[in-house]
Amino acid sequence: MPDPVRVRFAPSPTGALHVGGARTAVYNWAFARRHGGVFVLRIDDTDPGRSTTENTAQILRSLEWLGLDWDEGPEVGGPFGPYFQTQRSGNYATALERMKANGTAYPCFCSMEHLESRRAVARAAGGDPGYDRTCRRLDPADAAQRVEAGEPHVWRLAVPAGRGDIVVRDAVRGETVFPAEAMDDFILVRGDGTPTYNFATVVDDADMQISHIIRGDDHLSNTPRQILVYEALGRPVPLFAHLSMIWGADGKKLSKRHGATSVEAFREEGYLPEALLNYLALLGWSLDGETTIVPAEVLKRQFSLDRISKSPAVFDFEKLDWMNGVYIRDVPPETFAARMVPWLEAAGLANPGDLEARPEWYVALAPLVRERAKRMTDIAPMVAFLFTDHVALEPSATSRVLGREGAGRVLAAAHDALSSLKTWTAATVEETLRTLPESLQTKAKTVFQVARVAVTGSMVSLPLFESIALLGRERTLARLEVARSATTH
RNA sequence: GGCCCGUUCGUCUAGCGGUUAGGACAUCGCCCUCUCACGGCGAAGAUCAUGGGUUCGAAUCCCGUACGGGCUACCA
């Protein structure tokens, strides 16, 4: 690797952080960490109409939530600030001055209307719609005078005559060659004095001494133009890595139609940041083709640009769900208890302070839900029966299980046996209930299923004995009694 | 229109001249088991987009074609 690795993620705050952008951020971050480099966060807020401070704040939150810490940028500052493009206009002006001085930029007085109509004509005729360089042929002194006089103008890049092919060195695609003739003299600075994207981004990347540019595929075609700017500025051209797009299941660019797309939405839907990070990392990159669980720590040590795949990847929500389950199961019970409570509060089950009031109860519950939840939002429905005095018996469970021959006897016997239990734990509850099948002359499964419906209200639940232990003696006995009276046999 | 990029099981991918084309998710069986889930074992699933080359030998290298995508803006 060339000297100091400095990479940047430069979102434009025109919306929330999208998973595509998040993946780009992950790769930049991982690459910086892997090489002991610097991860810069820059806000490309040059679109005044659509950029908002709310969006910026949310993007920062999403990045933090994912665990992507930046070394330079908003909130932390750094030696190359400010890190908002709208605050760097001086840099663009300086860069433009340099280009004016060395003749790589020239003023253009063509009106937008004129350009548009010319473009339309050229396109209709099947010709080149690029700028025809009318103003490049103006006498320099003349042009300077018109600028001085205040005539409306933009500044264009003068593509060097006779410039050979422009080759983009890309870590993902190898060397891509663009014929220089295909480049027109694009605009650097608009009529209102603001820089265009291709100009601002290069000035910033050069000023911030960015060594590697890892970004979306959609910028590949713009890269030769940007290389021309680097050259005009006399700055070294960084190495590139262009990432292919993320698609929805229909092969179209991922959008809201496909479900959650913002990092914020994934958070709300119960995904763990470590799982989303892992999933995103693997969407277009692989460690070795075998390993699927790649936590941040491994990513920081093993990420490499040469294992990024070239083709677009379809976002697979089912695989994310599986991976989220893997990470959920990996959280230690104590930690899991703390992480699950906010979701219970949101569902109206737990209240602030509950965890502190009986931590051991929540820690005992944690392993039970942990291995059954794919998302944190799965938890509340699973445990709701533990947070109410009167459980609602599901009609189908009632008719199929409690309506069964002998159900009443089972419930009565269970009530009997449990009411005399001295120590109320999952182990003692199990021991007690396991004696029933024999004395009742029924199968163990039948006994447990009847008890399950009575206690949890459902045919599918957390493990019975543990559930009863967590529910407590009073509520359990009450439910067995209620269910027995609802029994027809 | 021009210029670029991409194409291996349904999906994410491994592969970088010689493999029975490997793994993961999803699917389907079986096992474990108080239900569900977890876990274990196994099955099915890819004429490597396609047509030509190069080579003793091609998923791997070259060219064309098809399909998809990007750029070609005083958007980013």
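Naming: A, B, ... by sequence-line order, numbering from 1 per chain. These numbers were taken from a predicted model, which means no experiment stands behind them.
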Find the distance [X]:[atom1] to [N]:[atom2] and express it as a whole number of Å.
| X | N | atom1 | atom2 | result |
| --- | --- | --- | --- | --- |
| K252(A) | C67(B) | NZ | P | 15 Å |
| F465(A) | C36(B) | CZ | P | 14 Å |
| R372(A) | A37(B) | CZ | P | 10 Å |
| F385(A) | C36(B) | CZ | P | 16 Å |
| K443(A) | U35(B) | NZ | C1' | 14 Å |
| F84(A) | A76(B) | CZ | P | 17 Å |
| Y197(A) | U72(B) | OH | P | 11 Å |
| I379(A) | C36(B) | CD1 | C1' | 15 Å |

Pair partner, [N] [Watson-Crick or wobble, under 3.5 Å]:
| N | answer |
| --- | --- |
| A58(B) | none |
| C25(B) | G10(B) |
| A37(B) | none |
| U50(B) | G64(B) |

Between Y362(A) and F336(A), is the gap from one ring center to the other below 6.0 Å?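 Between F336(A) and Y362(A), which both carry aromatic rings, the centre distance is not below 6.0 Å.
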Rounding to the closest angstrom, what is the interatomic distance between [N] and [M] at atom [atom1]?
| N | M | atom1 | result |
| --- | --- | --- | --- |
| C12(B) | U47(B) | P | 15 Å |
| U13(B) | G6(B) | C1' | 16 Å |
| A73(B) | A66(B) | C1' | 30 Å |
| A46(B) | G2(B) | P | 37 Å |
| U50(B) | C67(B) | C1' | 10 Å |
| G39(B) | A76(B) | P | 48 Å |
| G70(B) | C62(B) | C1' | 25 Å |
| U54(B) | A58(B) | C1' | 10 Å |

Name the nucleic acid region contacted by [X], choosing base, sugar-phosphate or nothing; use a 4.0 angstrom heavy-atom cut-off, strictly under.
| X | value |
| --- | --- |
| L320(A) | nothing |
| S461(A) | base |
| N222(A) | base |
| T194(A) | nothing |
| H219(A) | base |

Side chain to side chain contact (heavy atoms under 4.5 Å, CB included) involving [X] - partner list, sequence neighbours excluded:
| X | answer |
| --- | --- |
| A206(A) | Y230(A), R235(A) |
| D316(A) | Y279(A), E318(A), K319(A) |
| S51(A) | P13(A), T14(A), D45(A), D47(A) |
| D192(A) | R190(A), T194(A) |

Ignoring hydrogens and geometry, is there a side-chain-to-backbone donor-acceptor pair from [X] to [Y] under 3.5 Å?
| X | Y | value |
| --- | --- | --- |
| D184(A) | P129(A) | no |
| S62(A) | Q58(A) | yes |
| R215(A) | T24(A) | no |
| R307(A) | L287(A) | yes |

With no hydrogens and no angle check, do the side chains of [X] and [Y] hold a donor and an acceptor under 3.5 Å apart?
| X | Y | value |
| --- | --- | --- |
| T223(A) | H242(A) | yes |
| H153(A) | Y106(A) | no |
| R452(A) | S461(A) | yes |

How would you list all residue pairs meeting salt bridge (charged side-chain N to carboxylate O under 4.0 Å, His left out) that involve residues 241-252 of chain A, not counting sequence neighbours?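 Salt bridge (charged side-chain N to carboxylate O under 4.0 Å, His left out) check on residues 241-252 of chain A returns D250(A)-R257(A).
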Restricting to pairs with a member in residues 149-174 of chain A, which pass salt bridge (charged side-chain N to carboxylate O under 4.0 Å, His left out), not counting sequence neighbours?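 Qualifying pairs: R146(A)-E151(A), R163(A)-E231(A), R173(A)-D217(A).
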Are D185(A) and R136(A) within salt-bridge range, i.e. N to O under 4.0 Å?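 Counted as a salt bridge, because a side-chain N and a carboxylate O are separated by less than 4.0 Å.
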Apply the test side-chain hydrogen bond (donor to acceptor under 3.5 Å, both in side chains) to residues T196(A) and R225(A): give CA-CA distance (whole Å), side-chain angles for both, the deciding distance (0.1 Å), then the verdict. CA-CA 12 Å; T196(A) 58; R225(A) 282 172 246 283; over 6 Å; no
Would you call the rings of F315(A) and F266(A) parallel, tilted or perpendicular if under 30° counts as parallel and over 60° as perpendicular?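 Taking F266(A) first and then F315(A), their aromatic rings sit tilted (interplane angle of 30° to 60°).
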Got a sec? Which of residues 107-122 of chain A come in under 4.0 Å of RNA chain B, heavy atoms?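 The stretch gives C110(A), M112(A), R119(A) as the residues lying under 4.0 Å from the strand, ordered by number.
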Close residues, residues 321-334 of chain A, relative to RNA chain B [heavy-atom separation under 4.0 Å]: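 Heavy-atom cutoff 4.0 Å gives W322(A), R329(A).
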Between C34(B), C74(B), A24(B), spot the one nearest the side chain of K445(A), thanks.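 So the nucleotide nearest the side chain must be C34(B).
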Residue closer to the 5' end of RNA chain B, V460(A) versus N198(A) (nearest nucleotide):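 Taking each residue's closest nucleotide, the earlier one in sequence belongs to V460(A).
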Find which nucleotide of RNA chain B each of D184(A) and Q85(A) is nearest to by heavy atoms, and output the residue with the more 5' nucleotide.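 It is D184(A) whose nearest nucleotide is closer to the 5' end.
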Short heteroatom pairs, N/O only, protein and nucleotides 60-65 of chain B, under 3.5 Å:
none

With a cut-off of less than 4.0 Å, is there a side-chain N or O of R434(A) near OP1 or OP2 of C34(B)?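 Answer is yes, contact under 4.0 Å.
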Using a cut-off of 4.0 Å between protein heavy atoms and nucleotide atoms, how would you tag nucleotides 2-13 of chain B 5' to 3' with B, S and -? -SSSSS---BBS
Base, backbone or nothing for each nucleotide of nucleotides 41-50 of chain B, written B, S, -, heavy atoms under 4.0 angstrom, 5' to 3'? ----------
In sequence, state the C-alpha distance, the side-chain angles, and the governing distance for T201(A) and D204(A), and then conclude on side-chain hydrogen bond (donor to acceptor under 3.5 Å, both in side chains). CA-CA 5 Å; T201(A) 199; D204(A) 288 339; over 6 Å; no
For residues 436-447 of chain A, run the donor-acceptor check on the side chains, cut-off 3.5 Å, and write out each pair with its distance to 0.1 Å, sequence neighbours left out.
unit_1  : atom_1 : unit_2  : atom_2 : d
S439(A) : OG     : L436(A) : O      : 3.0
Q441(A) : NE2    : E438(A) : O      : 3.4

